[in-house]
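Below, chains carry the letters A, B, ... as their sequence lines are ordered, and counting in each starts from 1. Because the structure is predicted, anything quoted here is derived from the model rather than measured.
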Amino acid sequence: MQTTKLCKGVRLTEFFMPTLRNAPSDAKIVSHQLMLRAGMIRQESSGIYSWLPLGYRILTKISEIISQEQNKIGACEMLMPTIQSADLWKKSGRYDDYGQEMLRINDRHNQEMLFGPTNEEMITDIFANFAQSYKDLPKNIFQIQWKFRDEIRPRFGVMRGREFLMKDGYGFAIDEEQHKKIYNKIFVSYLRTFARLGVKAIPMQADTGPIGGKLSHEFIILADTGESEIFCDKEVIDLDILQEKIDYRGDLEPIVNKWTEKYASTDEMFVEQEWAKVPDTNKIATRGIEVGHIFYFGTKYSEPLGLKVADKDGSLKPLHMGSYGIGVSRVFAGIIEACHDEKGIVFPSSVAPFDVGLVNVSLKDENCTKTCDEYYETLQNNDIEVAYDDRDIGAGAKFSDMELIGLPWVIVVGKKSIEKGLVELKNRTTGQTQDLSFEQAINIVKGK
RNA sequence: CGGGAUAUGGCGCAGUCUGGUAGCGCACUUGUUUUGGGUACAAGGGGUCGUUGGUUCAAAUCCAGCUAUCCCGACCA
């Protein structure tokens with residue numbers, strides 16, 4: 001994938017990627033263990049992590065896919081501060097409701113501040129300053145930003161951290177009907193986003209919880225290690241959004257219906273009678289990880305925060321709003337939960353930190369190293385992202401690291417292959433290897 | 001917040017019951033060896049045993065407080 005800020009290649013002699021042979025014993029679930037072993041993250045406190053270069057690179061790729069899909073539906077990316085004034089929250093009435101989960105801070109003037117757990121209040125306040133008329137609507141705005149929720153019990157690595165990266169989007173409409181159109185766009189864009197990230201995310205009717213409101217869906221990745229128990233019709237899983245022709249300016253209701261008409265539910269919303277209607281052969285009861293949640297909450301925030309605009313008849317109407325979240329750092333872990341084997345991570349190509357690993361197994365052989373150096377440049381010139389293992393360590397260790405970090409392809413170059421004029425191309429998913437010319441290998445990797 | 005557990009070198013662990021100046025594997029450094037799946041041998045470096053206090057001639061080890069981290073529950077992207 002083309003990204004705006006990531007370099008196309010790294011030499012592992014220069015790259016900071018501290019892989020571990022054993023996972024720290026604190027890590028209990030596979031995504032946490034693999035992220036630590038691959039040198040992607042480091043725990044700083046309970047539920048708070050540093051993102052090391054490899055992890056940060058993947059996080060950036062995930063963010064970029066999310067942004068791209070949001071841009072397609074006309075959502076506008078912006079950035080709000082992580083630190084907010086308590087005043088706004090007192091106005092909305094959530095300052096007390098949010099309770100201990102909100103990290104409160106006093107500044108030097110003893111002003112009450114807080115590290116934002118979410119941004120409904122702030123975006124509403126911002127929008128209220130500018131929106132005057134129904135002509136300013138509808139609007140859909142989002143950001144990808146760090147949040148802090150002081151969870152009672154952080155666990156499972158970045159899956160349930162206290163500090164986490166979240167895409168939070170907010171929709172503004174003049175009435176429920178107009179909001180429904182935004183909601184449908186978001187719904188479809190989420191399906192596409194998760195599909196592009198290489199995971200199956202199933203939308204499920206959700207409880208609106210403390211955010212409040214009327215309409216809500218959760219998006220859940222299937223993984224045996226998931227926290228929620230889920231029940232769904234196999235046919236929902238088999239649907240493929242990337243095969244659908246989508247016109248975001250047209251009517252999306254048929255697509256939304258297609259994804260919501262079959263039964264899919266978490267245990268919280270489970271209805272025995274509905275489940276009974278699903279044919280036994282289609283019944284799938286498994287576990288899942290919630291990676292996205294979208295809400296329509298009507299005028300819940302616009303009323304107390306005074307967000308009104310003039311309607312066609314000149315009367316002031318409170319806006320109808322929704323908020324839409326994707327747990328970016330969580331989906332990272334979710335992808336690994338869904339995509340790994342006994343050797344390590346098997347990244348979907350869209351989020352793999354590099355397209356290919358280039359392994360020099362005959363480092364001491366001048367000719368081999370010279371050839372590898374050339375290949376390294378050529379791959380980058382072909383827009384292939386490459387991790388070049390030019391470290392002076394055993395071949396086995398190099399192979400193991402490549403498998404651990406989950407690159408889709410590895411090109412192995414050694415004295416023997418040089419003599420034959422070939423390279424060995426290895427597929428991470430199948431484990432199969434083939435001897436090819438370097439040019440053939442490039443074409444296969446490019447044809448991902 | 002209730003219940004349970006842990007804290008010894010970068011990582012994984014032993015030693016604690018039965019106090020006697022800290023050990024193993026991996027990793028790291030140097031040399032030889034090996035050279036396409038974590039090679040072998042040799043020689044090294046690195047730890048105030050979470051913290052504070054107590055008992056004792058002597059504490060990683062016994063006792064108490066504190067802190068951190070993890071697991072199970074209720075809450076959540």
Side-chain angles (χ1 to χ4, degrees), chain A residues 18-29 32-33 36-37 39 42-48 66 97-102 116-119 144-169 190 201 206-211 216-221 227-228 266 268 289-295 323-334 343-344 359-365 368 389 391-404 410-420 423-424 426 431 433 435:
Chain A
T19 55
L20 299 170
R21 210 154 167 176
N22 304 322
S25 57
D26 277 353
K28 308 292 177 193
I29 66 164
H32 190 194
Q33 292 169 344
L36 289 167
R37 283 190 52 210
R42 193 183 89 120
Q43 180 167 345
E44 300 298 346
S45 298
S46 179
I48 300 178
I66 293 170
D97 293 354
Y98 228 95
Q100 293 280 296
E101 211 169 274
M102 187 152 69
T118 176
N119 286 58
I144 293 175
Q145 179 218 31
W146 292 97
K147 302 289 187 290
F148 193 92
R149 294 184 191 171
D150 201 356
E151 294 275 345
I152 299 167
R153 184 153 89 89
R155 61 185 126 162
F156 304 145
V158 299
M159 187 87 81
R160 181 182 299 285
R162 292 193 291 173
E163 188 184 55
F164 58 98
L165 190 62
M166 177 175 168
K167 172 260 162 184
D168 48 323
Y190 272 33
D207 193 358
T208 53
I211 293 180
S216 176
H217 285 93
E218 289 178 353
F219 291 77
I220 296 189
I221 291 180
E227 287 190 78
S228 3
T266 60
E268 287 159 357
I289 301 160
E290 184 188 344
V291 287
H293 202 159
I294 63 180
F295 300 86
S323 75
Y324 331 104
I326 294 177
V328 182
S329 42
R330 173 180 286 185
V331 82
F332 188 149
K343 291 176 176 170
V359 174
N360 180 355
V361 290
S362 307
L363 199 78
K364 299 267 155 53
D365 185 88
C368 181
D389 197 343
R391 295 175 297 177
D392 185 15
I393 57 172
K398 296 187 180 194
F399 295 140
S400 299
D401 273 353
M402 288 299 180
E403 281 154 355
L404 176 62
V410 175
I411 291 175
V412 183
V413 182
K415 214 157 81 178
K416 290 180 197 166
S417 53
I418 295 264
E419 282 162 12
K420 284 188 281 181
V423 298
E424 184 181 300
K426 184 157 33 173
T433 61
D435 287 329

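The side chain of A:S417 lies closest to B:rG36 when the candidates are B:rC71, B:rG36, B:rA77. For A:A397, whose side chain is taken as the heavy atoms from C-beta onward, the closest listed nucleotide among B:rG38, B:rC72, B:rU69 is B:rG38. Residue A:P24 has its side chain nearest to B:rG12 when only B:rG38, B:rC70, B:rG12 are considered. For A:V361, the side-chain atoms get nearest to B:rG36 when compared with the rest of B:rA77, B:rG36, B:rC71. When the nucleotides B:rC72, B:rC70, B:rA77 are ranked by their closest atom to the side chain of A:R153, B:rC72 comes out on top. Here B:rC70 is the nucleotide among B:rA74, B:rC70, B:rC13 with the atom lying nearest to any side-chain atom of A:S46. Taking only side-chain atoms of A:I152, from C-beta outward, the nucleotide of B:rC1, B:rA77, B:rC11 with the closest atom is B:rC1. Picking from B:rG38, B:rA77, B:rG36 the nucleotide with the shortest atom distance to the side chain of A:R21 gives B:rG38. Among the nucleotides B:rC72, B:rA77, B:rC11, the one closest to any side-chain atom of A:N22 is B:rC11.
The side chain of A:K416 contributes an N or O atom lying less than 4.0 Å from OP1 or OP2 of B:rG36. Phosphate proximity of B:rA68 to A:Q43: absent, as no side-chain N or O sits under 4.0 Å from OP1 or OP2. Between A:S25 and B:rG12, a side-chain N or O to OP1/OP2 separation shorter than 4.0 Å is present.
In this structure, OH on A:Y324 lies 11.5 Å from CZ on A:F295, to the nearest 0.5 angstrom. Atom NZ of A:K167 and atom OH of A:Y190 lie 3.0 Å apart (nearest 0.5 Å). Distance CD1/A:I411 to CG/A:D389: 13.5 Å, rounded to 0.5 Å. Separating the CG atom in A:D26 from the CZ atom in A:R155 is a distance of 15.0 Å, to the nearest 0.5 Å.
Both A:T19 and A:V158 lie close to RNA chain B; mapped to their nearest nucleotides by heavy-atom distance, the more 5′-ward contact belongs to A:T19. Each of A:D401 and A:S329 was assigned the nucleotide of RNA chain B with the nearest heavy atom; the assignment lying further toward the 5' end belongs to A:D401.
Here A:F399 does not count as stacked on B:rG36, because the ring centres are not under 5.5 angstrom apart with planes under 30°.
Looking at heavy atoms from C-beta onward, A:R149 lies in side-chain contact with A:M166 at the 4.5 angstrom threshold.
Of the candidates A:N360, A:V423, A:D365, A:V359, A:V423 is the only one forming a side chain to side chain contact (heavy atoms under 4.5 Å, CB included) with A:V413.
Pairing of B:rU34, defined by two Watson-Crick or G-U wobble distances under 3.5 Å, is not identified with any nucleotide. Summarising the base pairing, B:rU69 is matched to B:rA5 through a Watson-Crick or G-U wobble pair whose two defining distances lie under 3.5 Å. Across every strand in view, B:rG23 sits in a pair with B:rC13 that passes the Watson-Crick or G-U test at under 3.5 angstrom. With a 3.5 Å ceiling on both atom-pair distances, B:rA74 lacks any Watson-Crick or G-U wobble partner. Judged by Watson-Crick or G-U wobble contacts below 3.5 Å, the nucleotide B:rC62 has B:rG54 as its partner. The partner of B:rC28 is B:rG44, judged by Watson-Crick or G-U wobble contacts that both fall below 3.5 Å.
A donor-acceptor distance shorter than 3.5 angstrom exists from the side chain of A:Q43 to the backbone of A:S45, with no hydrogens or angles considered. Side chain of A:R37 to backbone of A:A23: no donor-acceptor contact under 3.5 angstrom is found.
Backbone-only contact: A:K28 has heavy atoms under 4.0 Å from sugar-phosphate atoms and none from a base. Using a 4.0 Å heavy-atom distance criterion, A:E403 is classed as a base contact. At a threshold of 4.0 angstrom between heavy atoms, the contacts of A:G394 with the nucleic acid are absent. Within the nucleic acid shown, A:G161 comes within 4.0 Å of at least one base atom, counting heavy atoms only. Using a 4.0 Å heavy-atom cutoff across all strands shown, A:V291 reaches sugar-phosphate atoms only and no base atom. When heavy atoms are screened at a 4.0 angstrom cut-off, A:M159 is found touching base atoms of the nucleic acid. Using a 4.0 Å heavy-atom distance criterion, A:A27 is classed as making no nucleic acid contact. In this structure, A:E151 reaches the bases: a heavy-atom distance under 4.0 Å links it to at least one base atom across the strands shown.
Rounded to whole Å, the separation between the C1' atoms of B:rU61 and B:rA14 comes to 13 Å. For the P atom pair drawn from B:rG10 and B:rC1, the interatomic distance equals 31 Å after rounding to whole Å. B:rA68 and B:rU51 are spaced 10 Å apart, taking the C1' atom of each and rounding to whole Å. B:rA74 and B:rA59 are spaced 41 Å apart, taking the C1' atom of each and rounding to whole Å. Going from the P atom of B:rU8 to that of B:rC13 covers 10 Å, rounded to whole Å. When the P atom is compared between B:rA64 and B:rU69, the two are found 23 Å apart, to the nearest whole Å. Separation of the C1' atoms belonging to B:rC62 and B:rG20 is 14 Å when rounded to the nearest angstrom. To the nearest whole angstrom, the two C1' atoms, one in B:rU67 and one in B:rG53, are 14 Å apart.
Residue A:L36 contributes atom CG, which lies 15 Å from atom P of B:rU69 at whole-angstrom precision. Between A:K398 atom NZ and B:rU35 atom C1' there is a gap of 11 Å when expressed in whole angstrom units. Atom CG in A:L20 sits about 12 Å away from atom P in B:rC28, given to the nearest Å. The distance between atom CG of A:D392 and atom P of B:rG31, rounded to the nearest whole Å, is 11 Å. Computed from coordinates, the A:F156 CZ to B:rA77 P distance equals 16 Å when rounded to whole Å. One atom, CG of A:D365, and another, C1' of B:rG36, lie 13 Å apart when rounded to the nearest Å. A:L404 places its CG atom 15 Å from the C1' atom of B:rA27, with the value rounded to the nearest Å. Atom CZ in A:R155 sits roughly 13 Å away from atom C1' in B:rC1 (whole-Å rounding).
Between the side chain of A:S400 and the base of B:rG38 there is at least one donor-acceptor pair of N/O atoms closer than 3.5 Å.
In this view, A:D150 and A:R162 satisfy the salt bridge (Lys or Arg N to Asp or Glu O under 4.0 Å) rule, not counting sequence neighbours.
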